[in-house]
Amino acid sequence: MYKRIIFHVDVNSAFLSWEAVYRKEVLGETLDLRTIPSAVGGDISKRHGIILAKSTPAKKYNIQTGEPILKALQKCPDLVLVPPNHDLYEQCSKSLKDLLFRYTPCIEPFSIDEAFLDMTGACNGYKSPNDLAEQIRERVKKELGFTVNIGISTNKLLAKMASDFRKPDMVHTLYPEEIPAKMWPLPLEELYFVGKASSKVLHGLGLETIGDIAKMDLNILKAHLGNKHGQMIYNNSQGIDESVVESTSAANKGYGNSTTLSQDVIDFETANLILLDLSETVSSRLRADGMKCTCITVEVTDCDFNHQTHQTTLLSPTNTTNVIHQTACKLLKEFWSGAPLRLLGVRTTKLTKGEFTQLNLFDLLKDERHEKLDKALDNIRNRFGTDAIKRASFMDSDKD
DNA sequence: TGTTGAATCCCAC
DNA sequence: CTAACGGTGGGATTCAACA
């Protein structure tokens with residue numbers, strides 16, 4: 001038998017499925033978004049216009065997750081778009097994980113819609129791992145109303161690759177002996193950790209499939225992809241992965257907040273207010289987790305999509321809005337070329353444990369003193385859309 | 001020679 | 001005809017400064 005049995009559970013078209021279930025079950029809508037070309041997408045009027053999830057019928061029009069909504073509408077003019085509801089997705093994600101937890105405590109949530117499960121012990125009493133996976137798949141569908149793919153293998157990498165095989169609502173295995181038949185014929189961009197840059201390099205070497213990578217000399221891969229990355233891709237192509245399912249989540253290494261502005265920003269006064277908004281979010285998250293940061297980075301994207309960062313290391317750790325904001329302003333002043341800004345971001349790293357803070361009378365008084373500032377911030381949020389959680393209204397801006 | 005910090009690049013979801 | 005274009009977080013690489 002195998003040393004380990006790992007499942008990878010992946011919700012099919014997560015945001016769209018969850019949206020469809022909610023609209024059907026809670027709002028009582030008769031139309032099921034999953035049966036028509038539809039997608040969850042951002043607010044075009046705020047320049048957050050990308051596809052976040054698409055239905056299976058939309059997939060037939062070659063609509064890709066992450067692509068601009070305008071491009072998707074060109075491919076399918078009748079595409080039904082709905083705005084995202086992240087609170088709903090968090091709830092759905094939790095429901096799924098609660099259900100999975102009944103099968104094993106050894107769960108590693110990998111993203112809002114994916115999880116690894118170490119099922120090595122949990123398969124006892126079942127005919128096969130496949131049998132258990134099918135049962136979980138059915139139960140999620142019956143109790144939660146959406147479908148999942150489950151990949152089964154002896155490590156996380158292979159389980160993940162397996163869950164990506166035919167969708168939706170399916171269980172697949174990819175055991176080591178199945179690698180040549182099931183994984184090696186796939187186009188190399190489907191290998192985990194082969195992104196845009198790596199696939200270009202690999203195609204340049206004349207490779208097309210994952211199997212082509214597997215047959216390559218490790219040192220050639222390292223020379224062209226870098227030492228670590230080359231080794232990683234080589235290992236992945238061979239199905240080698242010894243990493244364990246981590247059921248306890250590791251602490252964050254950084255906290256950041258960035259936003260694409262609904263209009264380009266051309267002056268410091270506005271930019272600094274947006275930096276205040278971003279700094280406030282970041283610092284309150286630091287405080288909520290009892291952390292302080294020693295490194296602050298400001299990130300900008302200009303109107304031509306040029307991306308730049310500028311960072312500084314502080315003399316002592318902080319988690320106050322003020323220090324983070326002042327530092328961010330100083331950084332922006334030091335490196336902004338003056339080109340109109342499309343995106344602004346604040347990121348904090350080099351974290352240390354701080355003290356948990358509580359809102360006290362002083363904080364409340366301070367808040368009152370800042371009433372005028374808050375009004376200015378609200379004004380900026382309205383004009384530049386930094387308050388991303390607000391209702392999405394891009395349907396209004398649709399030209400008839 | 002090795003280390004550190006800053007900037008950039010790459011990747012996943 | 002092309003362009004259109006999020007947010008968050010982890011990690012590696014490169015380069016310069018420096019010990």
Side-chain angles (χ1 to χ4, degrees), chain A residues 8 10-11 13-15 40-53 63-75 83-84 86 89 93 109-116 156-157 160-161 163-164 189-202 222-233 236 243 246 249-262 278 281-282 285 293-314 331 334-335 342-351 385-386 388-389 392 394:
Chain A
H8 179 254
D10 194 338
V11 180
S13 308
F15 289 3
V40 177
D43 185 340
I44 286 184
S45 74
K46 288 180 176 171
R47 306 201 297 190
H48 292 209
I50 63 157
I51 301 289
L52 299 169
I63 289 167
Q64 314 273 336
T65 299
E67 85 181 347
I69 289 174
L70 290 176
K71 195 175 166 187
L73 283 171
Q74 236 174 34
K75 294 178 178 176
H86 292 284
Y89 310 151
S93 179
F110 185 65
S111 72
I112 193 163
D113 73 325
E114 291 178 35
F116 290 101
K156 287 161 66 175
L157 170 81
K160 180 151 175 62
M161 294 296 297
S163 71
D164 216 31
E189 26 276 302
E190 290 187 31
L191 185 63
Y192 192 58
F193 262 94
V194 175
K196 217 178 135 188
S198 302
S199 58
K200 199 176 159 192
V201 169
L202 293 167
K222 282 183 171 182
H224 287 84
L225 297 169
N227 222 306
K228 299 275 186 173
H229 202 71
Q231 180 80 60
M232 167 72 81
I233 282 168
N236 286 359
S243 68
E246 303 274 6
S249 60
N252 262 17
K253 303 212 166 167
Y255 293 74
N257 190 200
S258 65
T259 187
T260 295
L261 294 325
S262 55
L278 298 168
T281 306
V282 167
R285 285 173 59 205
C293 70
T294 312
C295 184
I296 297 174
T297 305
V298 165
E299 173 190 15
V300 302
T301 301
D302 70 21
C303 52
D304 296 325
F305 284 90
N306 297 310
H307 199 80
Q308 253 184 306
T309 63
H310 190 39
Q311 74 184 50
T312 190
T313 300
L314 304 173
L331 287 166
E334 282 171 6
F335 88 126
R342 180 187 175 87
L343 172 144
L344 270 169
V346 173
R347 182 164 177 77
T348 59
T349 50
K350 291 187 193 164
L351 305 181
T386 60
I389 317 296
F394 66 93

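Labels below follow one simple rule: chain letters A, B, ... track the order of the sequence lines, proteins then strands, and each chain is numbered from 1. Computed from heavy atoms alone, side chains included, the values below leave out hydrogens, waters and symmetry copies.
- The A/His310 side chain lies nearest to B/dA7 when the options are B/dA7, B/dA6, C/dC5.
- Across all strands, A/Thr312 comes closer than 4.0 Å only to sugar-phosphate atoms, never to a base (heavy-atom distances).
- Considering only side-chain atoms of A/Ala197, the nucleotide from B/dC11, B/dA7, C/dC5 that sits closest is B/dC11.
- Side chain of A/Asn252, nearest nucleotide from C/dA4, C/dG10, B/dC11: C/dG10.
- Computed from coordinates, the A/Glu299 CD to B/dC9 P distance equals 13 Å when rounded to whole Å.
- OP1 and OP2 of B/dA7 both lie 4.0 Å or more from every side-chain N or O belonging to A/Thr297.
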Can you name the atoms? Protein N/O to nucleotides 12-19 of chain C N/O, anything below 3.5 Å, with the distance.
residue, atom, partner, partner atom, Å
C/dT13, OP1, A/Asn227, N, 3.1
C/dT13, OP1, A/Lys228, N, 3.4

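- Which of B/dA6, C/dG7, B/dC13 sits closest to the side chain of A/Leu343 comes down to C/dG7.
- Side-chain nitrogen and oxygen atoms of A/Asn257 include none within less than 4.0 Å of the OP1 or OP2 phosphate oxygen of C/dG7.
- Residue A/Lys160 places at least one side-chain N or O under 4.0 Å from the OP1 or OP2 atom of B/dC13.
- For the pair A/Asn236 (side chain) and A/Tyr192 (backbone), a donor-acceptor distance under 3.5 Å is present.
- Residue A/His48 places none of its side-chain N or O atoms closer than 4.0 Å to OP1 or OP2 of C/dC5.
- No donor-acceptor distance shorter than 3.5 angstrom exists from the side chain of A/His307 to the backbone of A/Glu299, with no hydrogens or angles considered.
- The residue A/Thr313 sits close only to the backbone: its heavy atoms come under 4.0 Å of sugar-phosphate atoms, none of a base.
- Note on A/Lys350: only backbone sugar-phosphate atoms sit closer than 4.0 angstrom, heavy atoms only; bases stay farther off.
- Between A/Thr260 and C/dC5, a side-chain N or O to OP1/OP2 separation shorter than 4.0 Å is absent.
- In this model, no side-chain donor or acceptor of A/Glu114 finds a partner on the base of B/dA12 within 3.5 Å.
- Look at A/Arg342 and you won't find any side-chain N or O under 4.0 angstrom from OP1 or OP2 of C/dA4.
- Closest contact between the side chain of A/Tyr192 and the listed nucleotides B/dC13, C/dT8, B/dC11 involves B/dC13.
- Using a 4.0 Å cut-off, some side-chain N or O of A/Thr309 falls inside it from OP1 or OP2 of B/dT8.
- Side-chain atoms of A/Thr294 come within 3.5 Å of backbone atoms of A/Lys350 as a donor-acceptor pair (strictly under, hydrogens ignored).
- Here the nucleotide nearest the side chain of A/Lys253, chosen from C/dG9, C/dA4, C/dG11, is C/dG11.
- As judged by a 4.0 angstrom heavy-atom cut-off over every strand, A/Thr65 is placed among residues making no nucleic acid contact.
- Closest heavy-atom contact between A/Tyr255 and A/Leu351: CE1-CD1, 3.4 Å.
- No donor-acceptor distance shorter than 3.5 angstrom exists from the side chain of A/His8 to the backbone of A/Lys156, with no hydrogens or angles considered.
- Proximity of A/Ser198 to the phosphate of B/dC11: a side-chain N or O atom is located under 4.0 Å from OP1 or OP2.
- The aromatic rings of A/Phe116 and A/Phe110 lie perpendicular to each other, with more than 60° between the two planes, well past the 30° mark.
- With A/Asp304 contributing its side chain and A/Asn306 its backbone, the two residues share no donor-acceptor pair below 3.5 Å.
- Contact annotation: A/Arg347 does not reach the phosphate of C/dT8 (side-chain N/O to OP1 or OP2, under 4.0 Å).
- Side chain of A/Arg285 to main chain of A/Gly256: a donor-acceptor pair is present (N/O by atom type, distance under 3.5 Å, no hydrogens or angles).
- Look at CG on A/Leu278: it is 11 Å from C1' on C/dG7, rounded to the nearest Å.
- Across all strands, A/His307 comes closer than 4.0 Å to no nucleic acid atom at all (heavy-atom distances).
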